[in-house]
Amino acid sequence: MNAASAPESTGVSADLYAVLEERGLIAQCTDEKIVDRLAAPVTCYCGFDPTADSLHIGNFVPIMLLAHAQRCGHRPLVLVGGATGLVGDPSGKSEARNMLDVETVRRNAEAITRQLGRVLRFDDSSNGAVMVNNLDWIAPLSWLEVLREVGGRVSVNRMLSMESVKQRMDGDGISYLEFSYMLLQAYDFAHLFKSYGCTLQLSGQDQWGNIVMGIELGRKLHGADLAGLTAPLITKADGGKFGKTESGTVWLDAARTPVFDFFQFWRNVDDRDVGRFLRQFTFLPIAEIEPLESAGGAGINEAKVRLAYEITKLVHGEEQAEKAKQAAAGAFASGGGGVDVTGDGVPSAALPADELAAGVGVIELMKRAGFAASNGEARRLIQGGGVRIGDTKVADLAAAVTPDDAADGFV
């Protein structure tokens, strides 16, 4: 899927709140009359701090919020935090972030902008997405202007009551730099209202306190009637942290997480998560999702392949998604499916017939094929349930691969 697939609209084409609710993408809302508010086109925004040169799948829910808003006829603003990225959001963090220099933040912001262009449509239509950078309006402000414009309208007692601040105060403390982050984000909302008529902020649930502060500042500065809506923080059914693997974070940039690995992350999700992730991370109609999320037996594997394909298509394009799907089918399905899996599509290694006949340990084979960098990583992948031979999950760390496990020359 590419950016052009988002429909152009001059009015509200669907009830955004109902769409998000049906897909499990609503956690909290500041406005009890949000449905009435969304009956006419609104301008909404979500912010992304450029702390790396790629977003990761933990950022994908806020991206989907903006994409659904655009598809329903609303105008999304994508805020890249060129200024706030230099400070660092303390929300959900147990310690201070590493400080980044201005040039690094600029490069990261440009990379993130390119990634978002796959999911959102940036054009001059009434609901075309607009990219903004808060460095443009925060950098020109003097320290005295910030104090006069923002400082006098924000309660320190209110700031200290924020959960993100309280957690840090109970630990090693929080720097004044990070403490100021919420002032800058609140000012963003007020500025976007004044400059773009933005009245709705969309974000993850961890940003609730920052959203509320922005609503209050917008009212005090401009008499604005603002609202916020958050999506739940995504968790995995097995209790593991979403978006993390034994190899690290799952990134949207193929240079950081290869397309095949990205595809396989979704292909290997817990059976219990498939339906929920289809709703939250794809644009498939609910009528198509319902049979997939209720599938059992072999059907659940088909549902996982569909999940992996749809998300990979959304992030990396249809051609790359098809290549990853075919590579995975060739590598893991019985018989190899006639697919050449010795190329760049999937990690692989040639194994002499006599060595296979003697039996090769799964851990050793994983290292040689490039699926794990060390014995420890291979063991963790097996213990986490992420290793299969064909359709059989490997549970024994001492398991060996033999000719009985191979079909048409492939394991």
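Residues: numbered from 1 along the sequence shown.
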Item to check | Side-chain donor-acceptor pair present, Q207, N210, cut-off under 3.5 Å | outcome: yes

Item to check | Heavy-atom donor-acceptor pair, Q201 side chain to C46 backbone, under 3.5 Å | outcome: no

Item to check | Contacts of F60 that satisfy ring-ring contact (aromatic ring centres under 6.0 Å, His included) - sequence neighbours left out | outcome: none

Item to check | Check: T402 side chain, G359 main-chain N or O, donor-acceptor pair, under 3.5 Å | outcome: no

Checklist entry - Heavy-atom distance under 4.5 Å between the side chains of I211 and S203, does that happen here? => result yes

Checklist entry - Are T43 and R75 close enough that a side-chain donor and a side-chain acceptor fall under 3.5 Å? => result yes

Checklist entry - Does a donor on one side chain and an acceptor on the other come within less than 3.5 Å for Y17 and D36? => result no

Checklist entry - Is R306 paired with E302 through a side-chain N to carboxylate O contact shorter than 4.0 Å? => result no

Checklist entry - So, Q115 side chain and L55 main chain: donor-acceptor pair closer than 3.5 Å or not? => result yes

Next on the checklist: Please evaluate residues K313 and K325 with respect to the criterion side chain to side chain contact (heavy atoms under 4.5 Å, CB included), reporting the C-alpha separation (whole Å), side-chain torsions for both, the decisive distance (0.1 Å), and the verdict.
Outcome noted: CA-CA 10 Å; K313 182 174 69 171; K325 180 180 177 181; over 6 Å; no

Checklist entry - Hey, mind stepping through L217 and M182 against side chain to side chain contact (heavy atoms under 4.5 Å, CB included) and telling me if it holds? => result CA-CA 11 Å; L217 184 62; M182 63 185 73; over 6 Å; no

Next on the checklist: Applying salt bridge (charged side-chain N to carboxylate O under 4.0 Å, His left out) as the test, list every pair that has at least one member in residues 209-218; sequence neighbours left out.
Outcome noted: R158-E216

Checklist entry - Can you tell me if D188 and N134 form a side-chain donor-acceptor pair at under 3.5 Å? => result yes

Checklist entry - Counting N and O atoms only, with roles assigned by atom type, does the side chain of D273 sit under 3.5 Å from a partner on the main chain of V269, one being a donor and the other an acceptor? => result no

Checklist entry - Between S13 (side chain) and R71 (backbone), is there a donor-acceptor pair under 3.5 Å? => result yes

Item to check | Test of ring centre spacing under 6.0 Å for W266 and F281 | outcome: yes

Checklist entry - Roughly how far, to the nearest 0.5 Å, is CZ of F265 from CG of L307? => result 9.5 Å

Next on the checklist: Show, in sequence, the C-alpha distance, side-chain angles and deciding distance for I289 and T282, and conclude whether the side chain to side chain contact (heavy atoms under 4.5 Å, CB included) test is met.
Outcome noted: CA-CA 10 Å; I289 292 175; T282 80; 4.2 Å; yes

Next on the checklist: Between T257 and A254 (side chain of the first, backbone of the second, donor and acceptor by atom type, cut-off under 3.5 Å), is there such a pair?
Outcome noted: no

Next on the checklist: Before we go on, tell me: are the rings of Y187 and Y181 under 6.0 Å apart, centre to centre?
Outcome noted: no

Checklist entry - Between D123 and S125, does any side-chain donor sit less than 3.5 Å from a side-chain acceptor? => result yes

Next on the checklist: Side chains of N133 and R106 only: does a donor on one sit below 3.5 Å from an acceptor on the other?
Outcome noted: no

Checklist entry - Do L116 and I63 have side-chain heavy atoms sitting under 4.5 Å apart? => result yes

Checklist entry - Heavy atoms, side chains only, cut-off 4.5 Å: are R37 and I34 in contact? => result yes

Next on the checklist: Do L233 and D206 have side chains that approach each other closer than 4.5 Å (heavy atoms only, starting at C-beta)?
Outcome noted: yes

Checklist entry - Are the aromatic ring centres of H68 and F283 under 6.0 angstrom apart? => result yes

Next on the checklist: I'd like to check K304 versus F277 (side-chain heavy atoms, cut-off strictly below 4.5 Å). Are they in contact?
Outcome noted: no

Next on the checklist: With a 3.5 Å distance limit and no angle check, can you tell me whether D49 reaches the backbone of T51 through a side-chain donor-acceptor pair?
Outcome noted: no

Item to check | Salt-bridge present (D270, R272; N to O < 4.0 Å) | outcome: yes

Checklist entry - Side chains of I286 and E290: closer than 4.5 Å at any heavy-atom pair? => result yes

Next on the checklist: Please check: side-chain N/O of S54 versus main-chain N/O of D253, any donor-acceptor pairing under 3.5 Å?
Outcome noted: yes

Item to check | T30 side chain reached by L229 side chain, heavy atoms, under 4.5 Å | outcome: no

Item to check | Heavy-atom donor-acceptor pair, R118 side chain to V315 backbone, under 3.5 Å | outcome: yes

Next on the checklist: Ring of F242, cation from K236 - is the NZ or CZ under 6.0 Å from the centre and inside 45° of the axis?
Outcome noted: no

Checklist entry - Where do E293 and R279 land on the salt bridge (Lys or Arg N to Asp or Glu O under 4.0 Å) test, with the steps shown first? => result CA-CA 9 Å; E293 65 186 346; R279 289 173 181 259; 2.7 Å; yes

Next on the checklist: T84 vs Q185, test: side chain to side chain donor-acceptor pair (under 3.5 Å). Steps then yes/no.
Outcome noted: CA-CA 7 Å; T84 44; Q185 184 168 322; over 6 Å; no

Checklist entry - For E32, does the CD atom have more than 12 heavy-atom neighbours from other residues, nucleotides or ligands under 6.0 Å away? => result no

Next on the checklist: Using side-chain heavy atoms (C-beta onward) and a distance below 4.5 Å, is M64 in contact with Q280?
Outcome noted: no

Next on the checklist: Whether the side chain of Q70 engages the backbone of R121 through a donor-acceptor N/O pair (distance < 3.5 Å, no angle test) should be reported.
Outcome noted: yes

Next on the checklist: The test is side chain to side chain contact (heavy atoms under 4.5 Å, CB included); show your working for H56 and L252 and say whether it passes.
Outcome noted: CA-CA 5 Å; H56 51 78; L252 303 190; 5.7 Å; no

Next on the checklist: Aromatic contact between Y45 and F189, with the criterion being ring centroids under 6.0 Å apart: yes or no?
Outcome noted: yes

